[in-house]
Amino acid sequence: MKITDLVKTSTGPFISIEIIPPRKGVRLETLFAELEALMAHKPAFMSVTSHAHEWSIEKVDGKEVERMKHKRLDTNAICIAAQARFGIEPTPHIICRGFTKDETEDVLLTLHFHGIENVLALRGDGPPTRAGTASAFANEYASDLVEQIQRMNQGLYLDPIENADKTDFCIGVAGYPEKHFEAPDMKTDLANLKKKVDAGAHFIITQMFFDNEAFYRFRDEAKRTGINVPIIPGIKPLYKKEHLEVLPRIFHTKIPQAVIESVSRCDNPDDAYKAGIESSVAQCKDLLAHGVPGIHFYSMSVAKPTSDVLRGIKS
Ligand code: FAD
């Protein structure tokens, strides 16, 4: 089912989860054992992150040879396997950086072949990782990728494909309640978010945030900018003291002072876990009271913290 239909038909707020593919060498059963605990909460969909290759030029027998390495297992293979095992709607993340438009088209056609209907279109971070991927043959911004997917939805491929079906993807994009770190200001960032929606994005999942007021302001401003697609808040369960420093640094988010104080005064990891989860539960309850269509949990493939937050919301 398309995520937009799910939002329309859901009788109450839904939950969804995001997982990160395991590092190479892990067996599917190991990942599925962790996912089993999350599936018990009946997520409406599961998104799976995607990561650019590490690309290098190495000398072999005096000749320069291109080398590409992937640290993590394949996003699309995980989506296809999870769909078969759990009957869940998988939402693979598709990134521009490090991929040509031809590679993106191939991946999307494989997903279409497997009946996957939802994708999250993202730019990715870091410099283009390969020769040829910073060119006219690659997508620069997420809005360019949305355009490519929408062309495929009209049956327009990079080169004509005889007797090819049109694809029919429901497309999600990223939104930033505290502004994307590269954007000069919120107004510019929202204008760029609107470009993604105008290019054909159907829903938005936000970057993680801890200050709901920032989210409510963003949601109101997005509406004023003419963005009328569902906005799903992305929530990261906070459960370690280290999160107080790591999450703001990596994800350009601010943690409210009250949360910092309640977690940092704990003198052992169990108490810090409890204080963090309590703050995530309170954050989610407040979002639900403010009419969000659902909550997307950044589980990072670790079941317990997300499960504990979900149990807390129900209690
Ligand atoms: P864009 O929408 O392209 O925006 C990037 C920046 O460029 C913004 O500052 C924007 O304001 C600006 N901009 C956009 N269009 C234009 C334009 N036409 N002209 C000038 N400026 C413009 N990263 C991964 O590598 N893998 C993942 O799986 C992944 N999953 C994510 C999931 C979610 C829900 C979120 C919120 C982020 C995720 N990311 C992932 C991180 C994401 O790739 C980074 O945040 C990245 O820096 C921006 O991606 P974007 O799709 O928002 O880019």
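Quick note: numbers below take in every heavy atom, side chains included, and nothing from hydrogens, waters or symmetry partners. The residues of the chain are indexed from 1 along the displayed sequence.
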### Task
Determine which pairs satisfy ring pair (Phe, Tyr, Trp, His ring centres under 6.0 Å) with at least one residue from residues 178-199, sequence neighbours left out, and list them in order.
Tyr176-His180, Phe181-His252
### Task
Would you check if there is a donor-acceptor pair between the side chains of Glu34 and Ser301 at a distance under 3.5 Å?
no
### Query
If you take all heavy atoms of Ile255 and Ile260, which pair is closest and at what distance?
O-CD1, 3.4 Å
### Query
Checking His112 side chain against Leu108 main chain: does a donor-acceptor pair fall under 3.5 Å?
no
### Close side-chain approach of Glu117 to Cys170, heavy-atom, < 4.5 Å
no
### Message
Does Lys285, at its NZ atom, have more than 12 non-hydrogen atoms belonging to other residues, nucleotides or ligands within less than 6.0 Å?
### Response
yes
### Query
Would you say Arg67 has more than 12 foreign heavy atoms packed within less than 6.0 Å of its CZ?
no
### Task
Assess whether atom CZ of Arg27 is packed by more than 12 heavy atoms of other residues, nucleotides or ligands within 6.0 Å.
no
### Query
Is a side-chain donor or acceptor of Asp211 paired with a backbone partner of Lys254 at a separation under 3.5 angstrom?
no
### Task
Run through Ser279, Ser299, Pro237 and flag the one making a side-chain contact (heavy atoms from CB on, under 4.5 Å) with Val309.
Pro237
### Residues His296 and Ser16: side-chain donor-acceptor under 3.5 angstrom
yes
### Task
Give the cluster check for Leu193 versus Phe203: same hydrophobic cluster or not, with ILVMFWY residues linked at side-chain heavy-atom distances below 4.5 Å.
no
### Query
Cut-off 3.5 Å, side chains only: do Asp271 and Asn268 have a donor facing an acceptor?
yes
#### Entry: Pro90 side chain near Ile80 side chain, heavy-atom distance below 4.5 Å
no
### Message
Any heavy-atom pair between the side chains of Phe113 and Thr167 that's under 4.5 Å?
### Response
no
### Message
Are Thr4 and Val229 packed together at the side-chain level, in the sense that at least one heavy-atom pair is separated by less than 4.5 angstrom?
### Response
no
### Query
Are the side chain of Lys236 and the backbone of Gln207 linked by a donor-acceptor contact shorter than 3.5 Å?
no
### Exceeds 12 heavy-atom contacts within 6.0 angstrom, atom NZ of Lys314
yes
### Query
Any sub-3.5 Å donor-acceptor pair from Lys179's side-chain atoms to Ala183's backbone N or O?
yes
### Query
Within a reach of under 6.0 Å around NZ of Lys101, are more than 12 heavy atoms found that belong to other residues, nucleotides or ligands?
yes
### Task
Would you name the heavy atoms of Lys2 and Asn118 that are closest together and state the gap between them?
CA-OD1, 3.4 Å
### Message
What verdict does the side-chain contact (heavy atoms from CB on, under 4.5 Å) test give for Thr225 and Lys187, after you've listed the backbone C-alpha separation in whole Å, the side-chain angles of each residue and the deciding distance to 0.1 Å?
### Response
CA-CA 9 Å; Thr225 311; Lys187 199 167 166 231; over 6 Å; no
### Task
Using side-chain contact (heavy atoms from CB on, under 4.5 Å) as the criterion, point out the one residue from Arg249, His243, Lys241 that pairs with Glu245.
Arg249
### Task
Heavy atoms only: give me the nearest Pro233-Gly294 pair and the separation to one decimal.
CD-O, 3.1 Å
### Task
Provide the closest heavy-atom pair for Phe99 versus Ala138 in the form atom of the first, atom of the second, distance.
O-CB, 3.6 Å
### Query
Do Gln150 side-chain atoms and Gly200 backbone N/O form a donor-acceptor pair below 3.5 Å?
yes
### Task
Could you list the residues that satisfy side chain to side chain contact (heavy atoms under 4.5 Å, CB included) with Leu156, not counting sequence neighbours?
Arg151, Gln154
### Minimum heavy-atom distance between Val7 and Pro293, given as atom pair plus value
CG1-CB, 4.1 Å
### Message
Distance alone, cut at 3.5 Å: any donor-acceptor contact between the side chains of Thr49 and His51?
### Response
yes
### Message
Quick one: does any side-chain atom of Lys194 pair with a main-chain N or O of Ala222 as donor and acceptor, under 3.5 Å?
### Response
no
### Query
Going by atom types only, do Thr75 and His93 share a side-chain donor-acceptor pair under 3.5 Å?
no
### Message
Could you measure the distance from the CG atom of Leu35 to the CD1 atom of Ile19? Nearest 0.5 Å is fine.
### Response
5.0 Å
### Message
My understanding is that only residues two or more places apart in sequence, or in another chain, count here; which of them pass side chain to side chain contact (heavy atoms under 4.5 Å, CB included) with Ala82?
### Response
Phe32, Met46, Phe86, Ile88
### Message
Quick check against the 3.5 Å criterion: does Glu89 have a side-chain atom that pairs as donor or acceptor with the backbone of Met1?
### Response
yes
### Short N-O contact, Asp5 and Lys8, less than 4.0 angstrom
yes
### Hphob cluster co-occupancy, Ile3 + Val292, side-chain heavy atoms under 4.5 angstrom
no
### side-chain contact (heavy atoms from CB on, under 4.5 Å) between Leu122 and Val173, worked out
CA-CA 6 Å; Leu122 301 143; Val173 290; over 6 Å; no
### Task
Apply side chain to side chain contact (heavy atoms under 4.5 Å, CB included) to Ser10 and list each qualifying residue two or more places apart in sequence or on a separate chain.
Phe14
### Stepwise salt bridge (charged side-chain N to carboxylate O under 4.0 Å, His left out) check, Arg85 with Glu29
CA-CA 11 Å; Arg85 168 70 77 96; Glu29 290 313 317; 2.7 Å; yes
### Task
Identify, with sequence neighbours excluded, every residue that meets ring pair (Phe, Tyr, Trp, His ring centres under 6.0 Å) alongside Phe215.
Phe209
### Query
Between Glu54 and Lys71, is there a side-chain N and carboxylate O pair less than 4.0 Å apart?
yes
#### Entry: Student check: side-chain heavy atoms of Tyr273 and Pro305 closer than 4.5 Å
yes
### Salt-bridge criterion met for Asp144 and Arg123 (N-O under 4.0 Å)
no
### For the student: nearest non-hydrogen atoms of Met208 and Leu247, plus distance
SD-CD2, 4.2 Å
### Task
Apply the test side-chain contact (heavy atoms from CB on, under 4.5 Å) to residues Glu147 and Ser143: give CA-CA distance (whole Å), side-chain angles for both, the deciding distance (0.1 Å), then the verdict.
CA-CA 6 Å; Glu147 263 174 38; Ser143 55; 5.5 Å; no
### Query
So do the side chains of Tyr216 and Asn212 get within less than 4.5 Å of each other, counting heavy atoms only?
yes
## Note on the structure
d(Glu66 CD, Ile57 CD1) to nearest 0.5 Å is 5.5 Å
### Query
Within the side chain of Glu261, is there an N or O that forms a donor-acceptor pair under 3.5 Å with the backbone of Ala258?
no
### Task
Before giving the answer on side-chain contact (heavy atoms from CB on, under 4.5 Å), spell out for Asp125 and Arg97 the whole-Å C-alpha distance, their side-chain angles and the decisive distance to 0.1 Å.
CA-CA 7 Å; Asp125 280 318; Arg97 289 274 162 101; 5.7 Å; no
### Query
Apart from Val60 itself, what residues make up its hydrophobic cluster, given side-chain heavy atom links below 4.5 Å?
Val65
### Task
Give a yes or no on whether a salt bridge exists between Asp308 and Lys304, defined as a side-chain N under 4.0 angstrom from a carboxylate O.
yes
### Message
Donor-acceptor pair, distance only, cut-off 3.5 Å: does the side chain of Thr30 make one with the backbone of Val26?
### Response
no
### Task
With rounding to the nearest 0.5 Å, note down the distance linking OG in Ser315 to CG in Leu310.
11.0 Å
### Message
Would you say that Ile231 contacts Thr206 through its side chain, given a criterion of any heavy-atom pair below 4.5 Å between the two side chains?
### Response
yes
### Within-4.5 Å side-chain heavy-atom neighbours: Phe169 and Leu111
yes
### Message
Looking at Pro177, is its backbone amide N or carbonyl O close enough to the side chain of Asp189 to form a donor-acceptor pair, meaning the two atoms are under 3.5 Å apart?
### Response
no
